[in-house]
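Worksheet for the structure shown next.
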Amino acid sequence: MKTKDKMKKAIKLLKNDGLFECSSERQKTNGTLYFVDPKTMTGYSITKSGYCRRHTFNISNYGYRINHYQLNKTIQEKKNDRYGSYWTTIGRILEPGKYVKLAKQLLGPIEHWRKNN
């Protein structure tokens with residue numbers, strides 16, 4: 001399946017859940033899909049490299065601020081060096097180009113955000 005077809009399926013899936021697709025032509029060309037949830041006024045994006053993000057907007061007397069939250073699942077990895085010390089790192093599970101799968105993964109956080117905000 002071509003990338004454009006995958007993007008169209010992801011757009012249809014998220015539109016059926018009530019989101020508006022707001023991606024510019026440049027964003028689509030670069031492989032980014034951007035959506036806004038009218039119920040919570042929250043933005044969501046899926047990128048070609050496999051990142052899913054929530055964008056919240058805070059307005060105050062000092063201006064506005066956009067917060068970005070990564071919604072990808074995480075994995076903990078233990079690493080060690082040649083001297084025997086070790087540490088734990090947290091990495092993101094990225095699935096580049098899998099727009100439909102990432103759109104389906106977004107549905108859970110979207111419903112959770114709607115219930116709690």
Side-chain angles (χ1 to χ4, degrees):
M1 186 182 290
K2 292 184 178 182
T3 302
K4 285 188 177 183
D5 295 334
K6 292 177 186 178
M7 290 172 78
K8 286 180 183 178
K9 283 182 93 173
I11 290 168
K12 185 177 179 182
L13 179 70
L14 292 172
K15 278 187 174 181
N16 287 341
D17 197 48
L19 274 68
F20 289 114
E21 195 245 333
C22 302
S23 306
S24 68
E25 287 304 315
R26 172 59 68 189
Q27 285 176 317
K28 286 182 183 178
T29 302
N30 292 339
T32 299
L33 298 177
Y34 191 80
F35 299 89
V36 173
D37 185 358
K39 296 177 183 176
T40 59
M41 293 309 295
T42 305
Y44 295 92
S45 64
I46 300 172
T47 64
K48 182 168 76 173
S49 60
Y51 282 98
C52 292
R53 291 186 176 96
R54 177 188 304 125
H55 309 273
T56 58
F57 308 95
N58 297 328
I59 300 172
S60 70
N61 294 338
Y62 304 106
Y64 69 93
R65 181 175 151 169
I66 301 172
N67 295 316
H68 305 277
Y69 300 97
Q70 291 186 8
L71 300 175
N72 296 80
K73 294 179 181 178
T74 58
I75 187 169
Q76 287 190 352
E77 299 176 299
K78 284 190 177 179
K79 297 195 175 196
N80 58 3
D81 61 12
R82 62 183 178 189
Y83 303 111
S85 61
Y86 68 94
W87 61 92
T88 303
T89 62
I90 297 176
R92 298 282 172 190
I93 300 173
L94 301 179
E95 300 186 62
K98 296 190 177 182
Y99 291 99
V100 178
K101 185 173 183 180
L102 295 170
K104 287 179 182 176
Q105 286 180 357
L106 267 182
L107 294 176
I110 290 169
E111 289 303 316
H112 183 266
W113 193 256
R114 284 176 178 168
K115 286 180 186 177
N116 295 316
N117 291 308

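Legend: side chain to side chain donor-acceptor pair (under 3.5 Å) pairs involving residues 71-80, not counting sequence neighbours: none detected.
With sequence neighbours excluded, the residues that form a salt bridge (charged side-chain N to carboxylate O under 4.0 Å, His left out) with Lys28 are Glu21. Among residues two or more places apart in sequence or in another chain, the side-chain hydrogen bond (donor to acceptor under 3.5 Å, both in side chains) test is passed with Thr32 by none. Among residues two or more places apart in sequence or in another chain, the salt bridge (charged side-chain N to carboxylate O under 4.0 Å, His left out) test is passed with Arg92 by none. Residues satisfying the ring-ring contact (aromatic ring centres under 6.0 Å, His included) test with Tyr34, not counting sequence neighbours, are His55. For the salt bridge (charged side-chain N to carboxylate O under 4.0 Å, His left out) test, no residue two or more places apart in sequence or in another chain qualifies with Asp5. Under the rule for a side-chain hydrogen bond (donor to acceptor under 3.5 Å, both in side chains), the partners of Asp81 that lie at least two apart in sequence or sit in another chain are Ser85. Residues meeting the side-chain hydrogen bond (donor to acceptor under 3.5 Å, both in side chains) test with Ser49, sequence neighbours left out: Thr47. Every residue two or more places apart in sequence or in another chain that forms a salt bridge (charged side-chain N to carboxylate O under 4.0 Å, His left out) with Lys101 is listed here: Glu95. With sequence neighbours excluded, no residue forms a side-chain hydrogen bond (donor to acceptor under 3.5 Å, both in side chains) with Thr29.
Side-chain atoms of Thr42 and Phe57, non-hydrogen and from C-beta on, never get closer than 4.5 Å to each other. Looking at Leu106 and Asp17, their side chains never come closer than 4.5 Å, going by heavy atoms from C-beta outward. Annotation: side chain of Gln27 is not in contact with side chain of Leu33 (no heavy-atom distance under 4.5 Å). Residues Arg54 and Trp113 have side chains in contact (heavy-atom distance under 4.5 Å, counting atoms from C-beta outward).
Between the OH atom of Tyr44 and the SG atom of Cys52 there is a distance of 11.5 Å, given to the nearest 0.5 Å. Atom CD of residue Gln70 and atom CZ of residue Arg53 lie 5.0 Å apart, to the nearest 0.5 angstrom. Atoms NZ and CD1, from Lys115 and Ile110 in turn, are 13.0 Å apart once rounded to the nearest 0.5 Å.
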Review point. Passes side-chain contact (heavy atoms from CB on, under 4.5 Å), Leu19 versus Lys15? Steps please.
Key: CA-CA 5 Å; Leu19 274 68; Lys15 278 187 174 181; over 6 Å; no
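In the hydrophobic clustering, where aliphatic and aromatic side chains (Ile, Leu, Val, Met, Phe, Trp, Tyr) are joined below 4.5 Å either directly or transitively, Leu94 groups with Tyr51. When hydrophobic side chains of Ile, Leu, Val, Met, Phe, Trp and Tyr are connected at separations under 4.5 Å, Ile93 ends up clustered with Ile75.
The minimum heavy-atom distance linking Ala103 with Leu13 is given by the pair CB-CD2, 3.7 Å. Taking both residues in full, the closest heavy atoms of Tyr99 and Gly31 are given as OH-O, 2.8 Å, listed atom of the first, atom of the second, then distance. Pairing each heavy atom of Leu71 with each of Pro109, the nearest pair is CD1-CB, 4.2 Å.
Both Leu107 and Met7 belong to a common hydrophobic cluster when Ile, Leu, Val, Met, Phe, Trp and Tyr are linked at side-chain heavy-atom distances under 4.5 angstrom.
Counting non-hydrogen atoms of neighbouring residues, nucleotides and ligands closer than 6.0 angstrom, the NZ atom of Lys98 reaches no more than 12 such neighbours.
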